[in-house]
Each structure stands twice: as C-alpha cells, then as structure tokens.
Asks: 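Sharing a structure below in structure tokens format, with a few things to ask.
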Amino acid sequence: FESASFNLTGIVCRMTKPAALVLNQQTAQVIQAAFRHATYPDISGEKSMAFLGKVAYGLTNIQINDLSIENSDVDFKEKGSIDIAIQNVTASFRGTLSYGYTGAWFVKLTHSIDFEIDSSIDLHINTKLMCAKGRVVADTSDCYLTFYKLTLHLQGDKQPGWLKQLFTDFISFTLKFVLKSQVCKEINYLAQMLSDFIQDRAANFLQDGPIGVDISLASFPVIKANYMESHHKGLLLYKNYSVIFNDSMFAPSLLSESRMLYFWFSDHVLNSLALAAFLDERLVLMITGEELREMFEMEDTEAYQGIVQEIFQGTSYEDSLAKVWSLTPPQITLQPEGTIVKSSVAVELSISSQGAEPTVVLYFEKEVTVTIQTSYVEKKLVLHLADSVIEPKAFKCALYRAGDDRSLKHFLQKIISVAGIPEVISRIEPALTSLMNSKGLNLFEIKNPEIITKAGYLIIQLDFDFPHHLLVDFLKKTL
Ligand SMILES: CCc1cc(Oc2ccnc(N(Cc3cccc(OC(F)(F)C(F)F)c3)C[C@@H](O)C(F)(F)F)n2)ccc1Cl
C-alpha cells in the first residue's frame, strides 16, 4: 500500500459494535445455512478388535436432520479480529452404518442399520478482515467446534455392545473431524460470498451508467474494540479520465462511535462526480413555456410584467423554451455551512412563433454559487438552499433595449434567485432520490440519518434495522 503519508482515502466506512450486534441477529441464519449446505462425506475404516478380528465399518449418506442454534455473540478484538461465538448448536445427523467382520475365514458378514447422531456443539469463528486485490476478504480459517455431546442412536436394539464402544472411542473422533472441516469450510465459503456480495452491491450502489467510483481499498481494514472500518480510494471511474488527489485528510477521530454506521466522503469524491456529470452532459436543463409562466408569475416578479411582455414579444408562453446548462464543471467545496457549489451557467431563451424556426431572444451567463444543506427524510433526499450568490458574466439580448438596461439586469437577477435556482434544485432532488432508490436504498430500514458537512469532507451517520431482503437475496444467490 501507499506509504502512510501519501494516503489515497476518498471514502471511509465505519461499522460500530451496535451495528455488528444488529447484523449478529442474522448469524444464526447464516450458520444454519452453513450446516445445511455442507456435504458430509462417507466415513469408513477398520479396526481390529480383540476376539473379533478385523472389523470394518462405514458411515454413509450422512445428512443433517435437525438443527437449532441457541444464540451467538460477536466481539471486536483490538488484535484485529471479529470473534463470533455461537453457543449450543444442537444438530442431529442421520445416515446408514454398515459394519462387518473380516475374520480369518474371510467370511464377510456385513450388516447395515440406520443411525441417528445427536450432537450439541459450540462454534467459534475468529474472523480477520484481510485485503486481496483491493477488496475486503474475510478470513475465517480460525474456526473451531467444541462438541459437548455426540451420541449414536442405532435403529432397533439388537446391536452388539462393542459397536457402541467402537463408535464412542473411535468413529466419533473421525466424525468430529469431518463435521469441523466441512462446517468451517462452508462458513469460509459463505463469508467470502458475503463480502463479495457486499462489495459488488456497494460498487453498484456508487455507479450510474458510465460513471462509477473505485471503492477498492486504500489501506487495510481496521478493527478496534468498538468498531471496524474500511478505507476506500473513492477515485472517479469515468471513461479514460483519472482524477488523482493525494491530500486526503481522513483521521479516525473525525468519526464518533455512537451511531451504527458512518460514511466519510472527501470533497474530492463529490468534485470528481460533478466533473463526470458535466462531462457526461447531464448538467443540462430544459424549462418549458408552461414552467416559465409559473416562474415569471411568482408574486415577486409582478413588478416586471412589462419586461416579461417585451421579452416574449407578445407571443404566448407555450411557444417559448429556456435551456440552462453548466459551462464549466461545478466546483464543490464542503464547509460547515453546507455544500458549496460554484458553477458558471448559461441561460438561453428562445421563442418559436407559428411553428417557424425558434429564435433566441435572450442569452446570458452567470457565475452562480449556492450553499446547499442536504438531508434524507422519509426516504427522500432533500436539498435546502441556504444561500446563493449570482455574478453576471456575458449577456446578449435580441430586444431593442441596450444590453446595459438596469431594470432588465435587475429582473434577471431576481428571476434567477427567486425561481431559477429553486427550479434547478427541485429537479436535482428527485433525480438523485430515484437514482438511490434504483440501487435499493429505499429497501434499507435507515433510522435518523444525519448528513454533516465539515471543511473538506462530508459525514453520513445513521442507525439501521437489518435489511432482511439483503440476507435473503444473498442466501438465495449463494446456496
Ligand atoms: C454503499 C456503502 C459503501 C460501501 C463501500 O464499499 C465497501 C466494501 C466492503 N465493505 C464495506 N463496508 C461498508 C458497508 C457498510 C454498510 C453496508 C455495506 O454494504 C452495502 F450496503 F453497501 C451492500 F450490502 F449493499 C457496506 C463494510 C466495511 O466497512 C467493514 F465494516 F467490513 F469494514 N463497504 C464503499 C463506499 C460506500 Cl459509500
């Protein structure tokens, strides 16, 4: 990884202990899936017994029959592991036990009977978060089972006593080994699928068409006593553009530990997304004549009706159309007051009378700087305009009036701040909300999300209820 001084972290995700406890409610489901999905290979062997000569035996067609899990605990260890303890897994297995004497006279007497094995097990999985190819990898190799009970029940009751003995002191040893290796292998497989699933969902979450965010890891995941966190590059993925920044100012102290989930974003990330939106020609807005009428007829613009009539040269609104677009990529800076977006914007008003070619009657450019406060209420993104500054730039007008007409300038200033900017914001809000909902955000039970802006970065902190669909999706996909 890059040396500590040159860290490339654009996004940090922190999951605290309370979040792990909520996710832990699903551990039982995942462990049950592991036991059920594991395959139990046949066990065979032979043992020379006193007086009986060699006895061969085999446990075949071992299936899990019944399974229950009492509870599980999760704990973050400073040494860097997530210790999951699952108490009192009671599992019963069924299968066929066949055994025979291969005595001196080579007569193979073989019997096979159905058996059932009752077990009660404690499971410990000390998961480490590793990093491989820039992705979080869950290493669950430190996985062990403690058997509190392992009893064999044989079909019928006319079985030789020595068989029980053989099972107790030998077969059970092999069985424990097989169960441990199969269950832990299955858990490792599920852990890997779960972390792949999360990364893929996360990458998809931060992707829209050709625009994406590289969430590969910028450094190893960190596990402390009360949280675990991942550091992601957050670099822009857009065609062959690469936006590099190297002065990320993340520090663990920037995030607290009271909420379940934290996402820290450097303003570089927002800036590069704004650049991509500009390059992808998304920062263009058409305003129809009808919408213009509403904007022009707002109470504050009453006084300018004369000018409005002149601009529209008496044609009706329907035949007019305004086009608003960014001339340069918006510059986004994050401050405690909010998200400050500075962009030079062009506005072109055209009129087409009686189906003739539209003619541009008005064109002007403005340097617009807005301060936006963002919130997420009732599964909708809300952008609140806290402040706006409008600096005139170019100006062209087809009217006979000279361009320096004071009242026209004043009118434009007014119409932009009273109606223009709110109109643009009222289009961006639903667009972003529907983008996030298309990624399934509205399916998450998010509680009291807070979006906090500070100098140079943004923090989203929230609590959540477990998104059941996520686990069901995951298990359906995986098993
Ligand atoms: C969408 C959230 C997000 C995930 C990122 O990528 C990863 C990759 C691997 N693990 C994580 N973790 C964070 C996280 C938190 C909550 C949900 C989540 O998954 C998902 F909701 F996105 C997906 F399931 F849909 C991922 C976990 C990592 O922080 C930890 F905790 F393991 F260290 N994030 C990077 C940025 C962003 Cl904004």
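Residue indices begin at 1 and follow the sequence shown. Both counts, for ligands and for their atoms, begin at 1 and track the order of listing.
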Asks: Using heavy atoms and a 4.0 Å limit, tell me yes or no: is Phe197 in contact with ligand 1?
Replies: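 No, Phe197 has no heavy atom closer than 4.0 Å to ligand 1.
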Asks: Measuring to protein heavy atoms, does anything land under 4.0 Å from atom 17 (C) of ligand 1?
Replies: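 When distances to the protein are checked, atom 17 (C) of ligand 1 has no heavy atom within 4.0 Å.
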Asks: Identify the closest protein heavy atom to atom 1 (C) of ligand 1: which residue and atom is it, and at what distance?
Replies: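 Checking every protein heavy atom, the shortest distance to atom 1 (C) of ligand 1 gives Phe205 CD2, 4.0 Å.
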Asks: Quick one: do Asp114 and Arg94 make a salt bridge, cutoff under 4.0 Å?
Replies: no
Asks: Charged N to carboxylate O below 4.0 Å: is that the case for Lys454 and Glu337?
Replies: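 Glu337 and Lys454: not salt-bridged.
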Asks: What protein heavy atom sits nearest atom 27 (C) of ligand 1, and how far away is it?
Replies: Met15 CE, 4.2 Å
Asks: Would you call Tyr241 and Leu279 a side-chain contact if the rule is heavy atoms closer than 4.5 Å?
Replies: yes
Asks: Which one of Phe265, Phe263, Trp264 has a non-hydrogen atom at the shortest distance from atom 14 (C) of ligand 1?
Replies: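 Looking at heavy atoms only, the winner is Phe263.
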Asks: Where on Val213 is there a heavy atom closer than 4.0 Å to ligand 1, on the side chain, on the backbone, on both, or on neither?
Replies: neither
Asks: Look at atom 29 (O) of ligand 1 and say which protein heavy atom is nearest, naming residue and atom and giving the distance to 0.1 Å.
Replies: Ser230 OG, 2.7 Å
Asks: Under 4.0 Å, counting heavy atoms only: does Asn204 come that close to any atom of ligand 1?
Replies: no
Asks: How far is atom 10 (N) of ligand 1 from its nearest protein heavy atom, and which residue and atom name does that atom have?
Replies: Ile198 CG2, 3.8 Å
Asks: May I ask you to decide whether Arg135 forms a salt bridge with Asp200, counting only side-chain N to carboxylate O separations under 4.0 Å?
Replies: yes
Asks: Can you tell which part of Pro221 has a heavy atom less than 4.0 Å from ligand 1: side chain, backbone, both or neither?
Replies: neither
Asks: So which heavy atom in the protein is nearest atom 21 (F) of ligand 1, and how far is it from that ligand atom?
Replies: Phe444 CZ, 3.8 Å
Asks: Tell me whether Lys396 is salt-bridged to Glu365, with the criterion being a basic N under 4.0 Å from an acidic carboxylate O.
Replies: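 A salt bridge is absent here (no side-chain N lies under 4.0 Å from a carboxylate O).
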Asks: Verify, without hydrogens or angle tests, whether Asn65 (side chain) and Phe93 (backbone) share a donor-acceptor contact under 3.5 angstrom.
Replies: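 Absent.
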Asks: Tell me which one of Arg135, His232, Met260, Lys439 gets a heavy atom nearest to atom 34 (N) of ligand 1.
Replies: His232
Asks: Nearest 0.5 Å, please: how far is CG in Leu254 from CE in Met249?
Replies: 8.5 Å
Asks: Considering only heavy atoms of Ile11, which atoms of ligand 1 have at least one such atom less than 4.0 Å away?
Replies: 36 (C)
Asks: Can you establish whether the number of heavy atoms outside Lys380 located under 6.0 Å from its atom NZ is more than 12?
Replies: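 Counting other residues, nucleotides and ligands, NZ of Lys380 stays at 12 neighbours or fewer.
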